[in-house]
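First the structure, which I've put down as structure tokens, then a few questions once you've had a look.
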Amino acid sequence: MTHSPDTNPLIAPFAYGPIGKLLIATDEREVFACGADDQATNWTFTAAAPVVGVRHAHDTILVLDQAGVLTHLDPDDGGTSEVVNRESRASALCATPSGHWAVVHTDGVTVGRGDHIDTRISGGNIRCAALGEGAATLAIADGNSVSVYDDNFSFLARQEVEEPPTGLAWSDDGWWLVTLPHRVFTYSPDLAHRNVLTAYKEGCLSGGVVSPTCRIVSFRIGEKFVAIMGVEHGQLGSIEYPERKVGELEFGPHPFLGIGLGLGDGNRISLKDEEVCRTDPPPGRTVNRWLVASGIDVAKVEQELHSERSAVGDTPQGCLGVVALALMSALLLGTIGLLQVL
């Protein structure tokens with residue numbers, strides 16, 4: 001999933017992903033690769049322009065800067081292996097674990113792998129993009145609609161939505177997660193069917209992502225909250241950052257969720273035992289401190305992993321949203337339990 005910083009100023013680029021070896025934090029032009037297990041900074045990279053996207057894809061770290069330069073870095077030492085330059089202002093990046101990438105530019109979306117460009121899709125006012133697998137390979141949101149393209153990048157379908165999308169993501173078992181400011185939907189690959197995962201009247205929902213289990217999703221609520229939900233069981237937990245703005249979210253290998261915070265900082269949070277780890281800056285750089293308040297129902301998370309309900313197609317539209325709305329309201333009234341200082 002990717003979204004444009006121009007349309008959502010909360011986002012600090014951050015990457016984790018199912019490969020799970022590194023947490024990639026950012027601060028303006030700087031990139032910090034931290035070990036996922038020890039959180040120490042392994043290497044740093046400085047881009048020529050502000051970084052708008054990072055991803056860990058296959059055997060490379062992808063770094064996209066605002067000038068449209070996509071740099072491929074060695075995960076072990078940060079060495080540059082390939083550079084792709086569209087020479088067009090860029091706003092966002094998404095990629096698959098297999099190495100395919102998509103870059104959102106002012107004039108459309110460019111899709112490729114390695115240093116090879118597969119296709120360019122023209123368009124303006126693109127808010128979000130996501131790469132999938134199978135028959136529906138690419139989803140793009142512009143204005144108040146979502147469009148999907150097949151594995152040959154031919155137009156497949158288009159669906160109008162109620163609000164401008166604030167996030168798109170693909171689930172590996174075959175559905176799209178579409179985040180709107182006040183609702184989160186699951187869609188079939190061709191956009192023909194959808195379910196309401198949750199609805200929330202206050203704040204702004206954004207940046208929804210799907211875990212590798214395909215059962216758990218997470219998204220931001222406003223600037224300081226992260227919600228965790230199950231496809232069947234609704235609200236599973238939440239995380240609050242009283243002193244920081246939440247940036248980009250990305251799941252790692254289960255049970256971990258990665259959260260970017262900007263300023264070179266990020267967290268890895270376990271959905272199994274609520275353990276919270278932080279990225280550590282390289283020597284000589286200021287060590288920031290912050291509060292994290294979390295409340296995760298680990299028993300309910302485990303139940304969700306054994307659920308069999310499909311995310312799309314067998315749930316009456318709106319059914320899950322009613323439950324989630326009540327739980328999220330309680331969440332923001334202060335029911336979060338575990339407070340940690342990092």
Side-chain angles (χ1 to χ4, degrees), residues 1 17-18 94 96-98 128-141 145-151 156-163 165-180 182-200 205 207-219 227-237 249-257 271-272 296-328:
M1 183 248 340
C94 60
T96 66
S98 61
C128 318
L131 284 169
E133 302 284 355
T137 299
L138 175 68
I140 296 174
S145 67
V146 177
S147 300
V148 292
Y149 297 78
D150 66 19
D151 52 1
L156 185 63
R158 182 182 181 90
Q159 185 64 246
E160 297 293 323
V161 292
E162 292 82 352
E163 302 173 279
T166 53
L168 286 176
W170 172 256
S171 175
D172 287 338
D173 63 347
W175 47 274
W176 301 105
L177 182 73
V178 178
T179 309
L180 307 183
H182 299 98
R183 296 182 185 182
V184 179
F185 293 99
T186 59
Y187 273 87
S188 60
D190 60 359
L191 305 180
H193 304 281
R194 76 174 186 179
N195 285 338
V196 179
L197 183 61
T198 189
Y200 187 61
L205 311 181
V209 292
V210 185
S211 80
T213 68
C214 307
R215 302 300 311 172
I216 300 172
V217 306
S218 182
F219 50 88
I228 302 164
M229 296 194 68
V231 168
E232 179 170 353
H233 293 285
Q235 187 75 21
L236 304 178
L249 310 175
E250 188 171 22
F251 282 98
H254 184 74
F256 299 115
L257 171 65
L271 306 187
K272 183 177 181 180
I296 300 172
D297 189 333
V298 296
K300 203 171 178 182
V301 168
E302 189 64 24
Q303 290 177 0
E304 181 64 44
L305 295 177
H306 294 90
S307 299
E308 297 182 356
R309 174 181 287 168
S310 172
V312 182
D314 62 356
T315 304
Q317 186 167 316
C319 165
L320 293 178
V322 175
V323 178
L325 176 60
L327 287 168
M328 268 197 238

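Fair warning: this is a prediction, and the values are worked out from it, not measured in the lab.
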Task: Which atom of E162 lies closest to which atom of L180, heavy atoms considered - done: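 Smallest heavy-atom distance, with atoms named: OE1-CD1, 3.7 Å.
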Task: Qualifying residue, where the test is salt bridge (Lys or Arg N to Asp or Glu O under 4.0 Å) with R215 and the options are E302, E308, E304 - done: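 Testing R215 for a salt bridge (Lys or Arg N to Asp or Glu O under 4.0 Å) against E302, E308, E304 leaves exactly one candidate, E304.
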Open item on the list: If the test is side-chain contact (heavy atoms from CB on, under 4.5 Å), which one of L271, L249, L177 qualifies with S218?
Closed with: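 Of L271, L249, L177, side-chain contact (heavy atoms from CB on, under 4.5 Å) with S218 is met by L249 alone.
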Task: Over all atoms of both residues, closest heavy-atom pair of L156 and D150 - done: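 L156 and D150 have their closest heavy atoms at CB-N, 4.2 Å.
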Open item on the list: Could you report the tightest heavy-atom contact between F219 and G208, atom names first, then the distance?
Closed with: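 Closest heavy-atom pair between F219 and G208: CB-CA, 3.7 Å.
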Task: Sidechain-backbone polar pair: S307 side chain, R309 backbone, donor-acceptor under 3.5 Å - done: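 No.
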Open item on the list: For a quick test of reading the model, state the closest non-hydrogen atom pair linking V146 to P165 and the distance between them.
Closed with: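 So the two residues come closest at CG2-CG, 4.2 Å.
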Open item on the list: I'd like to check V210 versus W175 (side-chain heavy atoms, cut-off strictly below 4.5 Å). Are they in contact?
Closed with: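 In short, these two side chains touch, coming nearer than 4.5 Å.
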TODO: Apply the test side chain to side chain contact (heavy atoms under 4.5 Å, CB included) to residues Y187 and V161: give CA-CA distance (whole Å), side-chain angles for both, the deciding distance (0.1 Å), then the verdict.
DONE: CA-CA 11 Å; Y187 273 87; V161 292; 3.6 Å; yes
Open item on the list: Could you check whether any side-chain N or O of D172 sits under 3.5 Å from a backbone N or O of C214, counting only pairs where one atom can act as donor and the other as acceptor?
Closed with: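 Checked: no pair found.
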Open item on the list: I want to check something: taking the side chain as every heavy atom from C-beta on, are F251 and I216 in contact at a cut-off of under 4.5 Å?
Closed with: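 Side-chain contact under 4.5 Å: yes.
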Task: Set of residues satisfying side chain to side chain contact (heavy atoms under 4.5 Å, CB included) with respect to E250, sequence neighbours excluded - done: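 Once residues adjacent in sequence are excluded, the partners of E250 under the side chain to side chain contact (heavy atoms under 4.5 Å, CB included) criterion are A15, Y16, R55.
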Open item on the list: Measuring from atom OG of S98 to atom CG of L131, what distance do you get when rounded to the nearest 0.5 angstrom?
Closed with: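 Atom-to-atom, S98:OG and L131:CG are 8.5 Å apart.
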Task: Residue pair C128 / G167: nearest heavy atoms and the distance that separates them - done: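 Answer, listing the atom of C128 first, then G167: SG-N, 3.4 Å.
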Open item on the list: Keeping T166 on the side-chain end and L205 on the backbone end, is there a donor-acceptor pair under 3.5 Å?
Closed with: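 Yes, because the side chain of T166 sits within donor-acceptor range (under 3.5 Å) of the backbone of L205.
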Task: CA sep, side-chain torsions, deciding dist, call: F185, Q159, side chain to side chain contact (heavy atoms under 4.5 Å, CB included) - done: CA-CA 12 Å; F185 293 99; Q159 185 64 246; over 6 Å; no
TODO: Walk me through it: do Y149 and I140 pass the test side chain to side chain contact (heavy atoms under 4.5 Å, CB included)?
DONE: CA-CA 9 Å; Y149 297 78; I140 296 174; 3.9 Å; yes
TODO: Step by step, work out the side chain to side chain contact (heavy atoms under 4.5 Å, CB included) result for H254 and L305.
DONE: CA-CA 10 Å; H254 184 74; L305 295 177; 3.2 Å; yes
Task: Rounded distance (nearest 0.5 Å) linking atom OG1 of T186 with atom CG of N195 - done: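 T186 atom OG1 to N195 atom CG measures 4.5 Å (nearest 0.5 Å).
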- [ ] Could you grab the distance from atom OG of S211 to atom CG of L257, nearest 0.5 Å is fine?
- [x]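 Answer rounded to 0.5 Å: 9.5 Å.
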Task: Side chain proximity check, D297 to H233, heavy atoms < 4.5 angstrom - done: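 No. Closest side-chain heavy atoms not under 4.5 Å.
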Open item on the list: Are the side chains of V301 and P255 in contact, using a 4.5 Å heavy-atom criterion?
Closed with: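 No, every pair of side-chain atoms sits at 4.5 Å or beyond.
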Task: S188: partners by side chain to side chain contact (heavy atoms under 4.5 Å, CB included), with sequence neighbours left out - done: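 S188 satisfies side chain to side chain contact (heavy atoms under 4.5 Å, CB included) with D190, A192, H193, V312 once adjacent residues are dropped.
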Task: Closest non-hydrogen atom pair, P253 against G17 - done: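 Nearest heavy atoms, P253 then G17: CD-O, 3.6 Å.
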